[in-house]
Structure formats: structure tokens, C-alpha cells
Novice: 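Here it is, the structure in full.
Source: prediction; values computed, not measured. If you read the sequence from its start, that first residue is 1, and numbering goes on from there. Both counts, for ligands and for their atoms, begin at 1 and track the order of listing.
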Amino acid sequence: MALPRYAFFQGRVVPYSEAHVGVLTHGLNYGTGVFSGIRGYWNDDEKQLFVFRPEDHYKRFLESARMLGMTLPLDARGLTGAMMDLVRQEGFREDCYVRSLAFYADETVGVRLHDLTPETAIVALPYGRYIEKEEGAHATISSWRRVDDNAIPARGKIVGSYVNSALAKTEAMRSGFDEAIVLNGDGHVAEGSAANFLLVRNGVVLTPPITDNILEGITRRTVIDLLRDELGIPVVERSIDRSEIYVADEAMFVGTGVQIVAITRVDHRPMGNGRIGPIAAALRKLYFDVVRGRRPEYRHWCAPVYTGAEETAARNREEAQRAAAVAHP
Ligand SMILES: Cc1ncc(COP(=O)(O)O)c(C=O)c1O
């Protein structure tokens with residue numbers, strides 16, 4: 001993976017190579033950090049890059065920070081502004097991913113959350129698929145249980161708790177599956193290793209409630225709205241038993257990274273007829289139209305990176321490149 005050119009670090013944009021931390025950094029040693037992953041989608045017709053729901057991501061980021069007792073200097077709007085400046089400087093004309101991180105930066109020994117100073121860092125890089133088989137993934141029920149809210153708050157995106165996700169993901173992949181379905185301590189379905197979970201049974205979409213140790217996903221909220229308002233499909237938020245997965249018609253992972261992944265097999269059992277189902281297919285189409293800014297009703301979720309002048313410059317550059325390619329094929 002190519003490294004970013006820039007980073008937002010210590011309050012300003014610097015070359016990526018200058019954004020360093022020391023090995024004693026608290027967040028690195030004890031996982032005392034929070035993060036967010038946001039996608040930017042290139043719309044080639046408009047020559048525009050749309051970042052999807054940045055302020056909602058940063059609101060959750062700040063909520064996660066509060067859980068660790070961190071006070072950050074920037075609010076959701078300020079973080080969005082810093083991120084947009086950084087992405088603009090990277091100048092992407094393709095889909096990208098933005099990683100934001102707030103961590104306790106003190107180089108010190110001692111496990112605690114008090115008397116520490118947070119630092120914020122943001123980087124962005126071009127990004128494609130997170131799960132290769134988006135239209136037909138094979139999932140397994142993990143032997144690992146989802147971290148409990150009373151152990152490490154599950155609704156927050158807290159760095160240390162991603163060891164739980166990594167254990168589940170690697171176990172699943174080394175056993176030949178694409179992704180894990182992780183149960184919570186009660187044995188109910190929580191989510192994937194880095195994505196929320198939905199299943200379809202008898203025309204109704206079911207998804208675990210936010211009190212079942214899931215991350216409060218922005219994509220989950222997005223697709224609940226799209227399913228109800230655009231596709232007219234009822235969505236019920238309730239606990240899901242493991243065996244309900246085996247008798248479901250369809251299932252999906254949803255998240256910024258995975259986007260919308262159709263699960264077509266679980267533990268070698270086909271979901272429905274073993275191919276992507278009609279609800280997952282319709283939702284995928286709708287979702288990608290929405291995130292690329294092609295649905296005017298949802299444009300308020302899509303933050304344009306390039307302003308008028310930059311858009312014109314980008315268009316001119318592209319036309320010049322096209323003309324050069326014709327002149328020198
Ligand atoms: C554990 C976990 N659950 C769910 C999600 C989905 O959340 P979001 O849709 O906000 O990206 C993520 C992040 O991508 C995650 O890491």
C-alpha cells in the first residue's frame with residue numbers, strides 16, 4: 001500500500017514522513033485511542049470527490065473520545081474542515097479512505113486515562129474494496145465473542161478493542177472464509193469483525209439493536225433509512241439468534257470499509273439459493289448511487305471536496321491530458 005503524501009498532525013498539514021510518534025507513546029502501548037474511517041467517492045461525471053457523512057463520523061469519533069475522557073480541541077465541524085483540507089491537498093481523483101485517530105500522545109509508562117494529553121492525526125489514501133467478494137461472501141460464526149460494553153465500550157471505535165476484531169478476522173480468513181460473524185457474550189449476533197450485520201427473513205430485515213454490543217455504525221443508519229424510505233422494506237432492530245442466520249433468505253455486512261457485502265454462505269450453508277438476493281442487490285445499487293452523489297435527495301450526506309475553481313482546474317487538466325493522449329497516442 002502506497003503511503004499518503006500528507007498528514008494532519010499537531011494541528012496542521014505536514015508531509016506524512018514528519019508525522020511521527022515515539023515508541024513509548026501511551027496510545028501505542030495501551031490502545032488508548034479512538035479512530036474513524038470515512039470514505040470519499042469520486043464522481044467522474046461531475047469531476048468531484050464526495051466524502052460520505054463526515055460530520056456524522058466525527059460526532060461518533062468525539063463520542064468515542066468522551067468515553068476515554070479525552071477532550072479534543074476541534075469539534076465535528078472543525079475536524080471535517082481539517083480533513084477536507086487534507087484530502088484536497090492529496091488531490092485524489094479516485095475513491096479514497098480517510099483515517100482519523102485521536103490518541104494519548106504522552107511518552108510515559110502507566111496504564112490510566114487521566115493526566116494524559118490527546119493528539120489528533122488524519123491521513124487519507126486511495127482505496128478500493130475491503131472484502132473482495134462483495135457480491136457473495138462466505139462467512140463463519142467466530143469462536144471469539146464480541147468485546148462487551150462493560151469491558152471496553154463496544155459502541156465506540158476504540159483502538160484497543162480492535163484486537164478483538166483482528167482475532168476474529170484472522171481466524172476466519174485462515175480457515176478459508178471471507179469474514180467472521182461475531183456473537184456477543186449472550187450468544188446473540190453482534191456484527192462482523194469491522195461491519196454491522198443485517199439479515200432478511202420473510203421480507204423483513206433484522207439487525208441487532210445498539211444495546212447488543214455493536215458499534216453504532218453510520219452505514220447501518222444509512223441503510224436502515226434507505227431500506228425503509230426507498231425500498232419500502234420493514235427493518236426491525238432486535239436480538240438475533242445464531243440459528244436464525246442458518247434459516248435466513250439473505251444476509252449482509254454493512255460498513256464504511258466493507259460497503260454493502262452480500263453474504264451468500266455461512267459455515268458452508270447457502271443463504272437462500274446461494275446467490276446474492278434481491279434486497280442486497282437493490283440496496284447495493286441504491287447505496288452506491290447515494291454515496292457518489294447521484295441521488296439529489298441524499299446530497300446533504302455527500303460533502304464535495306473541490307470548490308468551484310478547483311473543479312474547473314481539474315476539468316481543464318483532464319481535458320488537457322485527453323488532448324495530449326490524442327496528440328501522442
Ligand atoms: C467493529 C465495527 N463495526 C461496524 C462498523 C461499521 O461502522 P461504519 O458504518 O460507521 O463504518 C465498523 C467500521 O467500519 C467497525 O469497525
Novice: Report the nearest protein non-hydrogen atom to atom 3 (N) of ligand 1: residue, atom name, distance rounded to 0.1 Å.
Specialist: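 Protein heavy atom with the smallest distance to atom 3 (N) of ligand 1: Glu191 OE1, 2.8 Å.
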
Novice: Counting only heavy atoms, which portion of Leu215 has something under 4.0 Å from ligand 1: side chain, backbone, both, or neither?
Specialist: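 The answer is the side chain of Leu215.
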
Novice: Which residue holds the protein heavy atom closest to atom 11 (O) of ligand 1, what is that atom called, and what is the gap in Å?
Specialist: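 That would be Thr256 OG1, 2.6 Å.
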
Novice: Could you give me the CA-CA distance, side-chain angles and deciding distance for His57 and Phe35, then say whether ring pair (Phe, Tyr, Trp, His ring centres under 6.0 Å) is met?
Specialist: CA-CA 10 Å; His57 277 278; Phe35 72 104; over 10 Å; no

Novice: Check step by step if side-chain contact (heavy atoms from CB on, under 4.5 Å) holds for Lys169 and Glu179.
Specialist: CA-CA 6 Å; Lys169 179 76 179 186; Glu179 180 54 76; 3.0 Å; yes

Novice: Please state whether the rings of Phe52 and Tyr287 are parallel, tilted or perpendicular, taking 30° and 60° as the class boundaries.
Specialist: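 Ring orientation, 0 to 90° scale: perpendicular.
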
Novice: What I want to know is whether Arg60 and ligand 1 share at least one N or O pair that is separated by under 3.5 angstrom.
Specialist: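 Yes - when backbone and side-chain N and O of Arg60 are compared with those of ligand 1, one distance drops under 3.5 Å.
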
Novice: By number and element, which atoms of ligand 1 are closer than 4.0 Å to a non-hydrogen atom of Ser193?
Specialist: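 Within the 4.0 Å cut-off of Ser193, ligand 1 contributes 1 (C).
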
Novice: Answer with yes or no whether Gly37 contacts ligand 1, where contact means a heavy atom under 4.0 Å from a ligand atom.
Specialist: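 No; Gly37 lies far enough from ligand 1 that no heavy-atom distance drops under 4.0 Å.
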
Novice: What atoms of ligand 1 come within less than 4.0 Å of a heavy atom belonging to His57?
Specialist: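 This gives 10 (O) as the contact atoms.
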
Novice: Nearest 0.5 Å, what's the CZ-CD distance between Phe8 and Gln89?
Specialist: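 Output value for this atom pair is 11.5 Å.
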
Novice: With Leu227 as reference, evaluate Asp225, Asp229, Leu231 under the side-chain contact (heavy atoms from CB on, under 4.5 Å) test and give the passing residue.
Specialist: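 With Leu227 as partner, side-chain contact (heavy atoms from CB on, under 4.5 Å) holds for just one option, Leu231.
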
Novice: Below 4.0 Å from any atom of ligand 1, is there a heavy atom belonging to Lys157?
Specialist: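 A heavy atom of Lys157 does come that close to ligand 1.
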
Novice: Surrounding CZ of Arg129 (heavy atoms of other residues, nucleotides or ligands, distance under 6.0 Å), is the total greater than 12?
Specialist: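 Atom CZ in Arg129 is crowded, with more than 12 foreign heavy atoms closer than 6.0 Å.
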
Novice: Return the CG to CD distance between Asn273 and Glu250, rounded to the nearest 0.5 Å.
Specialist: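 Separation between the atoms: 9.0 Å.
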
Novice: Would one find an N or O of Ser165, backbone or side chain, under 3.5 Å from an N or O of ligand 1?
Specialist: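 Checking ligand 1 against Ser165, no N or O pair falls under 3.5 Å apart.
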
Novice: Does one side chain, of Asp267 or Tyr246, offer a donor that lies under 3.5 Å from an acceptor on the other?
Specialist: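 Yes, because at least one side-chain N or O of Asp267 sits under 3.5 Å from a partner of the opposite role on Tyr246.
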
Novice: If you take the nearest heavy atom of each of Gly192, Ala194, Gly257, which one is closest to atom 12 (C) of ligand 1?
Specialist: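 Comparing heavy atoms across Gly192, Ala194, Gly257, the nearest one to atom 12 (C) of ligand 1 lies in Ala194.
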
Novice: Using distance alone, determine whether Tyr162 and ligand 1 share an N or O pair under 3.5 Å.
Specialist: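 So ligand 1 has an N or O lying under 3.5 Å from an N or O of Tyr162.
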
Novice: For atom 9 (O) of ligand 1, find the nearest protein heavy atom and state the residue, atom name and distance (0.1 Å precision).
Specialist: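 Of the protein heavy atoms, Thr219 OG1, 2.5 Å lies nearest.
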
